[in-house]
Chemist: 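This is the structure, below, for whatever I ask next.
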Amino acid sequence: MKVALLTGGGDCPGLNPVIRGAVQTLTNAGHECVGLLEGWKGAIEGTSIPLSPAVTDSIIDKGGTILFSSRTNLFKDDATEAKNVPQLQASFKRLGIDALIAIGGDDTLGVARKLHEKYQLKTVGCPKTIDNDLCATDYTFGFDTALNICMEAIDRCRTTAESHRRIIVVETMGRHAGWIAAFAGIAGGADYILVPEEKVDIEKMCDVLKKRRAAGKMWGIVVVSEGIELPEGMVKKSGEVDSFGHVQLGGVGDTVAEIIKQKTDIPTRAVILGHMQRGGSPTAFDRVLGTRLGIHAGRLVVEQKWGQMVALRGMNIVNVSLAEATGENRTLYPEIMAEAHEFF
Ligand code: F6P
């Protein structure tokens, strides 16, 4: 078979180890691989590069994706679907592609699922997102790298906050879920954590911060997820909406810092980590998880288990259907915030 791979959505440390694992497994089994460039855009336009172990051998430590990425949505509306699907089918025919491994988050995998269910495309999926908010898998690769970047940033903010006797608000990514904020806050010893899963209680937070200062702790760290809802709504970076209908978030850290300053009179600054969290080399955990998922996605193709996705359950890689894997975001488990609340 000739097997295509594509990476869609926001980039994520660990994508290249997935590609490397899948290409090695498929080549070992006697199949040929190509990479489609820029996610579904490359699938529609038929822009591709040959992939072999020689190409993917040295990418284990490389951040981002050698296949590039985009948020192209084949199924944006009926007209897009009517135009894009025949184009994709024609491109696959021209390139001689028999099967596809789609590596992405909920949006990319949702497209893969529809192409399989409605158009019988031979496809398998591999879950990806730094946000860790995909159901059907225990952890997504990229999350651990993002978390460690946040933790290091918090550690650095702590020394400057301490020197200036200030509060620093650190804003993390996590559009629908507070996994990054909660884990980074716990790992960084935050004085308060705000996540989308909990109703924001500004008065309580300011009270905690004031009491700590009165008790002698003259500095503090507040971690806030970009997706929290303030009484006036979510803070959007711009009115920009992508082809899956997501608004661009970012900046709530500045608003929270301003509120804290006004309500507590404590000098406060904000740091927005933004895309720093998605960049750079993957951690060992993400390299191993990515490689294992890639190998198992390759095996799904070899076994012709179409419409399936690889997932981590405990220590094992298992198969789940794309239908089970998409459609609902996995929000932060309440027990984790209950544990975090022991400190505030
Ligand atoms: O992929 C998820 C995510 O990292 C979100 O946490 C964030 O809101 C979004 O991507 C940012 O996407 P973009 O790079 O398109 O601005």
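Keep in mind that what you see is a predicted model, and the values were worked out from it rather than measured. Basis for what follows: all heavy atoms, side chains included, without hydrogens, waters or symmetry-related copies. Order of appearance sets the numbers: ligands from 1, and atoms from 1 within every ligand.
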Chemist: With nothing but distance in play, are any N or O atoms of His275 less than 3.5 Å from an N or O of ligand 1?
Modeler: yes
Chemist: Backbone or side chain, does any N or O of Arg71 fall under 3.5 Å from an N or O of ligand 1?
Modeler: yes
Chemist: What is the closest protein heavy atom to atom 9 (C) of ligand 1, and at what distance does it sit?
Modeler: Arg175 NH2, 3.5 Å
Chemist: Please round to the nearest 0.5 Å and tell me the distance separating atom NZ of Lys263 and atom CE of Met205.
Modeler: 9.5 Å
Chemist: Around atom CD of Glu328, are there more than 12 heavy atoms from other residues, nucleotides or ligands closer than 6.0 Å?
Modeler: no
Chemist: Can you tell me how far the CD1 atom of Ile130 sits from the SG atom of Cys150, to the nearest 0.5 Å?
Modeler: 7.5 Å
Chemist: Tell me, please, whether Trp179 has Arg330 positioned over its six-membered ring: NZ or CZ under 6.0 Å from the ring centre and within 45 degrees of its axis?
Modeler: yes
Chemist: With heavy atoms only and a cut-off of under 4.0 Å, state how Leu249 meets ligand 1: side chain, backbone, both or neither.
Modeler: neither
Chemist: I want to know if ligand 1 touches Arg278 in the polar sense, i.e. an N/O pair below 3.5 angstrom.
Modeler: yes
Chemist: Tell me whether the centres of the aromatic rings in Phe143 and Phe183 are closer together than 6.0 Å.
Modeler: yes
Chemist: For the 3.5 Å polar cut-off, considering only N or O atoms, please tell me whether Gly174 and ligand 1 meet it.
Modeler: yes
Chemist: Under a 4.0 Å heavy-atom limit, does Glu226 contact ligand 1 with its side chain, its backbone, both, or neither?
Modeler: side chain
Chemist: Among protein heavy atoms, which sits nearest to atom 2 (C) of ligand 1, and what does the distance come to when rounded to 0.1 Å?
Modeler: Asp131 OD2, 3.2 Å
Chemist: Would you call Arg212-Asp191 a salt bridge at under 4.0 Å N-O?
Modeler: yes
